[in-house]
Structures are given as C-alpha cells and as structure tokens.
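Quick notes on the structure that follows.
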Amino acid sequence: MEGLSIAPELVVFYNTENFYAPQLKQYPRSDIPKSGLRNWNEARYQNKLLKFTQVFNYLRLEEGLLPMLIGLAEIETNQVLEDIVNQDVFKGNYAFVHYDSPDQRGVDTALLYDKTKLELLYSEVYSEIFEGEIGMLPVPSTTRDILYARFRYGPVELSIYVLHLPSKRQKEVGMAKRKIILDKLQRKIRDKLLQNPLENIVVMGDFNENPTEANLQDFVAFNNKSEIVLINFFEELYNKKKFSTFHRSEGLLFDQIILSPAFLEQENSIEFLHAKVFDSRHLIERSPHNKKRGHPFRTYAGTRYLGGYSDHFPVFIKIKIKVK
C-alpha cells in the first residue's frame with residue numbers, strides 16, 4: 001500500500017422519469033403529447049431541476065461525496081443536461097455524454113461525469129431497430145440507444161455502458177427485444193474480456209427486469225456459466241426486498257449496476273465495496289395510504305402532476321480506486 005492514495009468513489013444510475021424540456025405549446029385536454037406529460041410547463045420543469053439537485057444533495061449528505069459517474073435514463077435533450085450540470089450542487093465540475101436516440105418517445109440515456117477526476121477517451125452509441133407492423137404495413141420499432149463511454153481515472157481505465165431496455169408493457173414482445181439487445185451487448189463484453197480479463201466494465205441501467213429473471217440471469221452467466229461471468233450484486237439486494245421502483249404494490253429492482261470480474265481482483269486498482277438502492281426518506285411518497293408506503297415520490301401519476309422526484313430511486317455502487 002506504500003505510495004498509493006485510495007479514493008472512495010460512487011457510481012450512480014438514475015431513471016429520472018420523463019425529464020423533458022418545457023413544452024412550448026398548450027395541448028387540449030384530449031391531445032396528450034408524446035411525452036405523456038399534461039401541462040409540462042417552465043414552472044414544473046424548474047421544480048424538476050430543483051428536485052434532481054436535491055437528490056444529489058441528499059446523497060452527498062448521507063454518503064459523504066458526490067458520484068464521479070451518473071448514468072441517466074429518460075433524458076430528452078442537451079438542454080436538460082446543460083441545465084443539470086449548471087446546478088449549484090455540481091459546482092461546474094461535471095460534463096455530459098449524450099446522443100439523440102431514435103426512441104419513439106424522444107427520451108435517451110445519458111452520462112454525467114466529474115471532469116476533475118475523469119478524462120473522457122471515447123464514446124459512441126449502439127442502436128437497435130426492430131421490425132413491426134400495423135395492419136399489413138411494416139413499421140420499424142425503435143428504443144433507447146445503449147450509450148458507451150471509456151474514461152481514464154489517473155492510470156486506470158473504465159468502460160461504461162448505460163442502457164434503458166424496452167418496457168414490460170408489451171410482455172412477451174418486450175422480453176424478446178430485451179433478450180436481443182442483451183445478447184448483442186454480451187458478445188461485445190465477452191470479446192473485451194477475452195482480450196483483457198481485467199478490463200474494468202460497468203453496465204448500468206433500467207433493465208425492465210429484476211435480477212432473478214431469465215434475461216438477466218443469461219446475461220451475467222454468459223450462456224450457462226462459462227469461464228467468464230459478470231457480477232450483479234443487485235440480485236442479493238432484490239432477494240432482501242430492496243426495490244428501486246414499484247408497479248402498483250409490487251416491488252421491482254429494474255435499476256441495476258453490473259460489473260466485470262476485475263472489480264473483485266485484489267491486484268486490480270479498483271475494488272468494489274458495496275451496492276445500494278438510495279431509497280432515502282426524503283425521496284419517498286408522502287401518501288397516507290399504506291399501499292404507497294416506501295414508494296418513490298414521483299413527478300406524475302399517469303397524467304396527474306404530483307411534483308415529486310421520479311418514479312424510480314437512484315441506485316449506486318461504492319468503490320475505491322488505488323492510484324500511485
């Protein structure tokens with residue numbers, strides 16, 4: 001340990017729940033925009049920015065530091081990200097990576113990073129377009145891109161994937177789409193790990209499946225537990241009934257951060273410490289109804305404005321990085 005400095009760091013993923021820029025036109029009650037947000041105006045947008053800021057103030061108070069990386073889902077535009085990084089809590093230290101995706105609702109994945117600690121080396125996105133049909137007409141179906149970014153932290157390099165997989169609303173169709181995307185991503189990661197088994201890889205996102213479901217189990221097992229596997233500490237949290245979101249009264253842990261084996265290797269410069277759902281009391285629904293107890297305080301319930309943070313809690317991992 002002589003000559004090493006050890007820095008604790010946080011890596012966060014947060015589904016922000018429809019973080020759109022303000023709507024510039026008024027829609028009649030019968031006409032709901034693609035965002036699904038009724039009357040999404042400047043005042044409500046500014047409240048959403050304030051709530052987002054408060055999430056990270058609470059995280060800093062409870063964990064003692066701000067994250068070095070923040071993966072985001074349901075971000076609409078660069079304008080939203082520019083407004084986020086200009087908030088006081090980030091002190092001008094953060095930059096972002098974002099690409100417009102072909103998603104039908106116009107929301108994307110994005111990544112904030114502390115530019116005083118991390119150097120962005122490279123970024124790109126992986127898109128997936130599915131075939132579908134309406135009547136007899138072929139109609140392409142699109143979803144959010146997977147965002148990839150590579151960073152340097154001192155002498156250490158990290159590969160980061162941020163994703164938001166197709167929802168469960170289509171049931172079997174959505175499951176098949178998620179499998180296609182995860183299988184392709186798994187092949188990319190397998191190739192990286194075959195070249196360098198100690199590559200530091202982080203896959204974070206809203207998988208729209210719990211850690212124990214088949215697609216996630218296959219993804220981390222690399223086809224029935226071959227010699228290289230990924231590690232998902234969020235399975236243990238799910239088994240302990242820690243949830244990041246809810247469907248009616250059912251607790252779900254769709255938001256996860258999955259790691260390559262390097263994070264458990266003693267000779268590696270990065271060491272995993274723990275994983276957590278950030279279900280701070282400040283972010284919890286204030287409903288007096290028992291069925292809402294412990295749920296995130298969301299921005300909207302359907303088309304009804306509530307003014308909360310998000311329908312998801314953030315999740316994070318804590319690591320330490322050893323730098324000479």
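Both backbone and side-chain heavy atoms feed into the values below; hydrogens, waters and symmetry mates do not. If you read the sequence from its start, that first residue is 1, and numbering goes on from there.
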Original post:
Got a sec, which pairs hit ring pair (Phe, Tyr, Trp, His ring centres under 6.0 Å) with one end in residues 83-111, sequence neighbours left out?
Top reply: Phe56-Phe90, Phe90-Tyr94
Subject >> Gln266, CD: over 12 other non-hydrogen atoms inside 6.0 angstrom >> reply: no
Subject >> Pair Phe151 + Tyr113: ring centers closer than 6.0 Å >> reply: yes
Original post:
Is there a donor-acceptor pair under 3.5 Å between the side chain of Lys48 and the backbone N or O of Thr16?
Top reply: yes
**OP:** Using only heavy-atom distances, determine whether the side chains of Glu42 and Gln46 contain a donor-acceptor pair under 3.5 Å.
**Re:** yes
**OP:** Could you tell me whether the side chain of Arg144 and the main chain of Leu165 form a donor-acceptor pair under 3.5 Å?
**Re:** yes
Original post:
Taking atom types as modelled, is there a side-chain donor on Tyr58 or Arg281 under 3.5 Å from an acceptor on the other?
Top reply: no
Subject >> Distance, nearest 0.5 Å, that separates CG of Leu185 from NZ of Lys188 >> reply: 8.0 Å
Original post:
How many angstroms lie between CG in Asp206 and OG in Ser244, if you round to the nearest 0.5 Å?
Top reply: 7.0 Å
Subject >> Least distance between heavy atoms, Tyr45 atom then Tyr20 atom >> reply: CD1-O, 3.2 Å
**OP:** Report yes or no: do Thr212 and Asn210 form a side-chain donor-acceptor pair below 3.5 Å?
**Re:** no
Original post:
Which value, rounded to the nearest 0.5 Å, describes the distance between Ile319 atom CD1 and Ile270 atom CD1?
Top reply: 5.0 Å
**OP:** Using modelled atom types only, decide if a donor and an acceptor are shared between the side chain of Lys276 and the backbone of Ile317 within a distance under 3.5 Å.
**Re:** no
**OP:** Cation-pi check, Arg298 to Tyr309: give yes when NZ or CZ is under 6.0 Å from the six-membered ring centre and within 45° of the ring axis, no otherwise.
**Re:** no
Subject >> Closest contact, heavy atoms only, Thr143 versus Pro166 >> reply: OG1-CG, 3.7 Å
**OP:** Using distance alone, with no hydrogens and no angle criterion, decide if Tyr126 and Glu128 have a side-chain donor and acceptor under 3.5 Å apart.
**Re:** no
Original post:
More than 12 foreign heavy atoms under 6.0 Å from NZ of Lys192: is that the case here?
Top reply: yes
Subject >> Partners meeting side chain to side chain donor-acceptor pair (under 3.5 Å) with Lys117 (sequence neighbours left out) >> reply: Glu9
Original post:
Going by side-chain heavy atoms closer than 4.5 Å, which hydrophobic residues are tied to Leu252, directly or by a chain of links?
Top reply: Phe254
Subject >> Distance-only donor-acceptor check, side chains Asp114 and Tyr153, under 3.5 Å >> reply: no
Subject >> Interatomic distance, Leu230 atom CG to Leu193 atom CG [nearest 0.5 angstrom] >> reply: 6.5 Å
Subject >> Least distance between heavy atoms, Glu76 atom then Ala21 atom >> reply: OE1-N, 2.7 Å
Original post:
Are side-chain heavy atoms of Leu66 and Leu59 found at a separation under 4.5 Å?
Top reply: no
Original post:
Is the closest side-chain heavy-atom distance between Glu209 and Met175 below 4.5 Å?
Top reply: yes
**OP:** Answer whether the closest heavy-atom distance between the side chains of Glu157 and Leu121 falls below 4.5 Å.
**Re:** yes
Original post:
Does Gly307 offer a backbone N or O that forms a donor-acceptor pair with the side chain of Thr299 under 3.5 Å?
Top reply: no
Subject >> Residue Glu236 excluded, over 12 heavy atoms near CD under 6.0 Å >> reply: no
**OP:** Could you tell me the separation between the CG atom of Leu118 and the CG atom of Asn93, rounded to the nearest 0.5 Å?
**Re:** 11.5 Å
Subject >> N-O pairing of Glu199 and Arg150 below 4.0 Å >> reply: yes
**OP:** Specify whether Phe207 and Phe219 have parallel, tilted or perpendicular ring planes, treating 30° as the upper limit for parallel and 60° as the lower limit for perpendicular.
**Re:** tilted
Subject >> Partner of Ser101 under side-chain contact (heavy atoms from CB on, under 4.5 Å), chosen from Ile75, Ile146, Leu147, Asp108 >> reply: Asp108
Original post:
Is the number of heavy atoms from other residues, nucleotides or ligands within 6.0 Å of CG (Asp88) greater than 12?
Top reply: no
Original post:
Just checking, is any N or O donor in the side chain of Arg60 or Asn57 under 3.5 Å from an acceptor N or O on the other one?
Top reply: yes
Original post:
Where do Ile321 and Met68 come nearest, in terms of heavy atoms and distance?
Top reply: CD1-CE, 4.0 Å
**OP:** For residues Phe233 and Phe272, establish whether the separation of their ring centroids is below 6.0 Å.
**Re:** yes
Original post:
Tell me, do Arg44 and Tyr305 make a side-chain contact under 4.5 Å, heavy atoms counted?
Top reply: yes
Original post:
Just by distance, do the side chain of Glu74 and the backbone of Asn18 share a donor-acceptor pair under 3.5 Å?
Top reply: yes
**OP:** Quick one: do Phe278 and Phe313 satisfy ring-ring contact (aromatic ring centres under 6.0 Å, His included)? Show the steps, please.
**Re:** CA-CA 6 Å; Phe278 188 59; Phe313 293 124; 8.4 Å; no
Original post:
Can any side-chain N or O of Arg152 pair as donor or acceptor with the backbone N or O of Leu120 at less than 3.5 Å?
Top reply: no
Original post:
How long is the gap from CD1 on Ile189 to OG on Ser260, to the nearest 0.5 Å?
Top reply: 8.5 Å
**OP:** Indicate yes or no for a side-chain donor-acceptor contact from Thr109 to the backbone of Asp145 under 3.5 Å, with no hydrogens or angles considered.
**Re:** yes
Subject >> Main-chain N/O of Asn268 paired with Glu271 side-chain donor or acceptor, under 3.5 Å >> reply: no
